[in-house]
**Student:** 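Mind looking over this structure? Questions follow.
One is the number of the first residue; the rest follow in order along the sequence.
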Amino acid sequence: MKCEEAVLVRVFFGEDDKYEGKPLYRYMVEFCKKKGIAGATVFRGILGYGKSSVIHKAGLPALSSDLPMVVEIVDCEEKIQEILPELSKMVKDGIITLEKVKVVKA
């Protein structure tokens, strides 16, 4: 990454969400890699809720359902703006947030 100021994208959705037959989190990271984005990381939540107001929590595998997922993507603003329309198409039931960040070391 060759910028001092960057944009951090956070995408919140459920673990069961899919896009083109793949888990959404995997599709999103592979998409970012193909587009040359500086970085993308997936976090799996242990407790959370969203639009449905249903609380999803980790527990026994048989009882764990649709846990919260967050994908963080970071790059220069221009590159993030290029991929935002496609990210928006991927996310059916979730939210996408953006914030400006300073890159300390790349």
**Student:** May I ask you to test the V42-M69 pair for a side-chain heavy-atom distance under 4.5 Å?
**Tutor:**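 V42 vs M69: side chains touch.
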
**Student:** Same cluster or not: L67 versus Y19, using hydrophobic residues (I, L, V, M, F, W, Y) connected whenever any side-chain heavy atoms lie under 4.5 Å apart?
**Tutor:** no

**Student:** Evaluate the side-chain proximity of I80 to L98: yes if any heavy-atom separation is below 4.5 Å, no if none is.
**Tutor:** yes

**Student:** Could you note down all residue pairs passing salt bridge (charged side-chain N to carboxylate O under 4.0 Å, His left out) where residues 75-85 supplies at least one of them, sequence neighbours left out?
**Tutor:** E77-K100

**Student:** Counting C-beta onward and ignoring hydrogens, is there a side-chain heavy-atom pair between V74 and V101 closer than 4.5 Å?
**Tutor:** yes

**Student:** Hey, does V70 have a side-chain heavy atom less than 4.5 Å from the side chain of F13?
**Tutor:**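 They are not in side-chain contact.
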
**Student:** Is there a path of hydrophobic side-chain contacts, each under 4.5 Å between heavy atoms, that joins I96 and F12?
**Tutor:** no

**Student:** Between V103 and A6, what is the shortest heavy-atom contact and its length?
**Tutor:**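 Looking at all heavy atoms of both residues, the shortest contact is CG2-CB, 3.7 Å.
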
**Student:** For residues 25-41, please give each side-chain donor-acceptor pair under 3.5 Å, one per line with the distance, not counting sequence neighbours.
**Tutor:**
residue	atom	partner	partner atom	Å
Y27	OH	E20	OE1	3.3
E30	OE1	K22	NZ	2.4

**Student:** Check whether any side-chain heavy atom of V11 lies under 4.5 Å from a side-chain heavy atom of V91, and answer yes or no.
**Tutor:**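 Yes, side chains in contact.
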
**Student:** Measure the spacing between CZ of R10 and CG of L8 and express it to the nearest 0.5 Å.
**Tutor:** 4.5 Å

**Student:** Could you tell me if the side chain of M90 sits less than 4.5 Å from the side chain of L24, heavy atoms only?
**Tutor:** yes

**Student:** Would you say CD of E4 has more than 12 non-hydrogen atoms from neighbouring residues, nucleotides or ligands within 6.0 angstrom?
**Tutor:**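 Atom CD in E4 is not crowded, with 12 or fewer foreign heavy atoms closer than 6.0 Å.
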
